[in-house]
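Shown next, in structure tokens, is the structure this report addresses.
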Amino acid sequence: MTAPSKPAIPPDEVAESLFQAQHEPLLRAILGNSTEGLFVVDAQGRHVYANGAARGILGVEFSDSEPKRWSERYGFFYPDARTPYPSEQLPLYRTLKGEEPPAVDLFIRNAVHPEGRHCRVAARPVRDSQGNILGAITNLRDTHGQRQAEAEKRRTELRFQLMVETAQEGVWMIDAERRTTYVNRYAAELLGYTPEEILGRHLFEFIYQEEHTRSDEKLEAQREEGLAVLVDDFRLMRKDGSPIWTLITACPVQDESGQYLGSLAMVTDITRRREDEQRVRRLNADLERRIAERTAQLEFSNRELEAFAYSVAHDLRSPLRSITSFTQALTEDCARTLDATGRDYIQRIRASSQRMNELIDGILALSRVNSAEFVEVDVDLSELARSTADQLQRWQPGRTLRFQIQDGLVDRGDDQLLRLVLENLMGNAWKFTRERPVAEIEFGTLPGEGTGRLYFVRDNGAGFDMAYQKKLFGVFQRLHTQQEFEGHGVGLATVQRIIRRHGGRVWGEGRVGEGATFYFTLHESPLPPPASS
């Protein structure tokens, strides 16, 4: 009896078996070098094969000599740090049950990855020609880096969103059609809206009609030139229709090819600043008005004072002329009937009349300082000082005078008034050095930093007590008696007024018997007064 023959093996399966036997090393090398994890289990869920990528993702090694069920050997997978995900619910085992599960994201923790690792898992069944399940193939893709990057991106976006939403400045974005694509809460509340009420609406709904043209020009410049623009004093309209003044800095938004997509603007509320500026303008206008009124009053008072001074001078000169004439007549006609005491009285009356006449001249000169027209030119002060020195020398040619005048001192000012300054200061030096055998008078500047100059007139004369320094520039104030040195106490007061008209300062220093020095500046000299010795 012939033994029953075995069923014939299909030629394609024979060929496949021969191929696998011959090229198993090649197949394992291909699978082992795959960047995606791959492991295979049989129909009972026992591990058959795992490539290197799978072992790296799962953090485990496989023993071919001791196959066990995956759930028995390797424990649990976790979808996150809180919720367990049993092995029986994995796509691998659901596939072995005949299900077709979708791919899932899992969070794996074990001895190798105690901190956990994200991966994407998908499984598909392996069936024979009759459709019986022989096992399952699971594909693993490491998504940990991607998940971390996405999480960091979300955190970054959240931080930026938080920064923008909490910023105390408005942020407004529009598209190419000028419709709002984003507005932060600050900008919305600035106009009395919620952000949801503004989104999608046209920009011009929140701008006054008068500002549309300017807005068009700026937006078109952005579109064509791609440059940021600054718009100051720009009126936006609140929900109640009231205006709000803003400063807007806007820049274009473009795609990678440079195509204009819209505009991003930073909106600053300057309403309070404008109110403050308007308040300052009103105060300035009021101040200018008051200054103009005070100036007019001062000019009127100066004219009245000048008229009064001339009137007084005229009215005083008439009796003075009579006193002088009658005292002279008494001296000439009644000299024989007057004794020495009478003649002395008459001489004193005439001297007092002459002093009164000099005081009147001084008052008139002082009043003319403020009323005279101020004509500013380049003035050669060195030449003025030499002219004054020549004049002083001619008055008393018998005196020995030694002048030291610095060359090249040119400054801006009124020529006539500055001449009067030097005549008074050098005249005082000439007067108070008459007791010296050799009078020394010096005019020059002190060295120092800054653009201004510190001028001085120094002498080796009688000097003065510094305790009375504050009285130097008072009208009719004198530190020496008339018997010691003649004068009427108006010269230094005149000098002070002239220097003030030139925007400067004047002061004096001296010691009794050791001379005096008078300093002055023009045009707000930055140099301080020298220390008192």
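Bear in mind that the values here come from a model prediction, so they are computed numbers and not experimental data.
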> Crowded around Arg235 CZ? As in, over 12 foreign heavy atoms under 6.0 Å?
Replying inline: yes

>> Tell me whether the count of non-hydrogen atoms from other residues, nucleotides or ligands lying under 6.0 Å of CZ in Arg281 goes above 12.
In response: yes

>> The test is side-chain contact (heavy atoms from CB on, under 4.5 Å); show your working for Tyr455 and Leu522 and say whether it passes.
In response: CA-CA 9 Å; Tyr455 297 96; Leu522 303 175; 4.1 Å; yes

>> Are there over 12 heavy-atom neighbours, none belonging to Glu210, within less than 6.0 Å of that residue's CD?
In response: yes

>> Would you say that more than 12 heavy atoms from the other residues, nucleotides or ligands in this model lie under 6.0 Å from the CZ of Arg238, or not?
In response: yes

>> Is there a side-chain contact between Asp414 and Arg501 in this structure, where contact means two heavy atoms from C-beta onward sitting under 4.5 Å apart?
In response: no

> Salt-bridged, Glu217 to Arg214, with N to O below 4.0 Å?
Replying inline: no

>> Run the side-chain contact (heavy atoms from CB on, under 4.5 Å) test on Leu409 and Arg453 for me, step by step, so that the C-alpha distance in whole Å, both residues' side-chain angles and the decisive distance to 0.1 Å come before the verdict.
In response: CA-CA 10 Å; Leu409 299 182; Arg453 288 174 176 169; 4.1 Å; yes

>> Parallel, tilted or perpendicular: which one describes the rings of Tyr519 and Phe456, with boundaries at 30° and 60°?
In response: tilted

> Given the rule in the side-chain contact (heavy atoms from CB on, under 4.5 Å) test, do Gln496 and Leu492 qualify, once you have shown the distances and angles that lead to the verdict?
Replying inline: CA-CA 6 Å; Gln496 186 182 57; Leu492 289 181; over 6 Å; no

> Roughly how far, to the nearest 0.5 Å, is CD of Glu442 from CZ of Arg402?
Replying inline: 12.0 Å

>> Rounded at 0.5 Å granularity, tell me how far CD in Glu288 sits from CG in Leu283.
In response: 11.0 Å

> What's the shortest heavy-atom distance between Pro195 and Ala188, and which atoms?
Replying inline: N-CB, 3.6 Å

>> Rounded to the nearest 0.5 Å, what separates atom OG1 in Thr246 from atom CG in Asp269?
In response: 8.0 Å

> How far apart are the C-alpha atoms of Arg399 and Thr433, what are their side-chain angles, what is the distance that settles it, and do they pass the side-chain contact (heavy atoms from CB on, under 4.5 Å) test?
Replying inline: CA-CA 10 Å; Arg399 286 186 59 183; Thr433 56; 3.0 Å; yes

> Quick one: which of Arg223, Gln222, Lys218 gives a side chain to side chain donor-acceptor pair (under 3.5 Å) with Ser263?
Replying inline: Gln222

>> Under a 3.5 Å cutoff, is there a donor and acceptor pairing between the side chains of Glu423 and Thr388?
In response: no

>> With a 6.0 Å cut-off (strictly less than), is the heavy-atom count around CZ of Phe204, excluding the residue itself, greater than 12?
In response: yes

>> Is the distance between the ring centroids of Phe432 and Phe464 under 6.0 Å?
In response: no

> Salt bridge check: are Arg273 and Asp233 linked by an N-O gap of less than 4.0 Å?
Replying inline: yes

> If you measure from CG on Leu454 to CZ on Phe520, what distance do you get to the nearest 0.5 Å?
Replying inline: 9.0 Å

> How far does CG of Leu425 sit from OG1 of Thr517, to the nearest 0.5 angstrom?
Replying inline: 11.0 Å

> Atom CG of Asp216 and atom CD1 of Ile207: how far apart are they, to the nearest 0.5 Å?
Replying inline: 9.0 Å

>> Would you say Gln146 and Glu150 are linked by a side-chain donor-acceptor pair, where the criterion is simply a distance under 3.5 Å?
In response: yes

> Are the charged groups of Arg282 and Glu275 less than 4.0 angstrom apart, N to O?
Replying inline: no

> Looking at Met237 and Glu205, what are the two nearest heavy atoms and their distance?
Replying inline: CE-O, 3.7 Å

> Has Arg289 got more than 12 heavy atoms of other residues, nucleotides or ligands less than 6.0 Å from its CZ?
Replying inline: yes

> Any side-chain heavy atom of Arg147 sitting closer than 4.5 Å to one from Asp105?
Replying inline: yes

>> Can a donor-acceptor pair be found, under 3.5 Å and without considering hydrogens, that links the side chain of Gln406 to the backbone of Thr445?
In response: yes

> Do the charged groups of Asp459 and Lys431 touch, with an N to O distance under 4.0 Å?
Replying inline: no

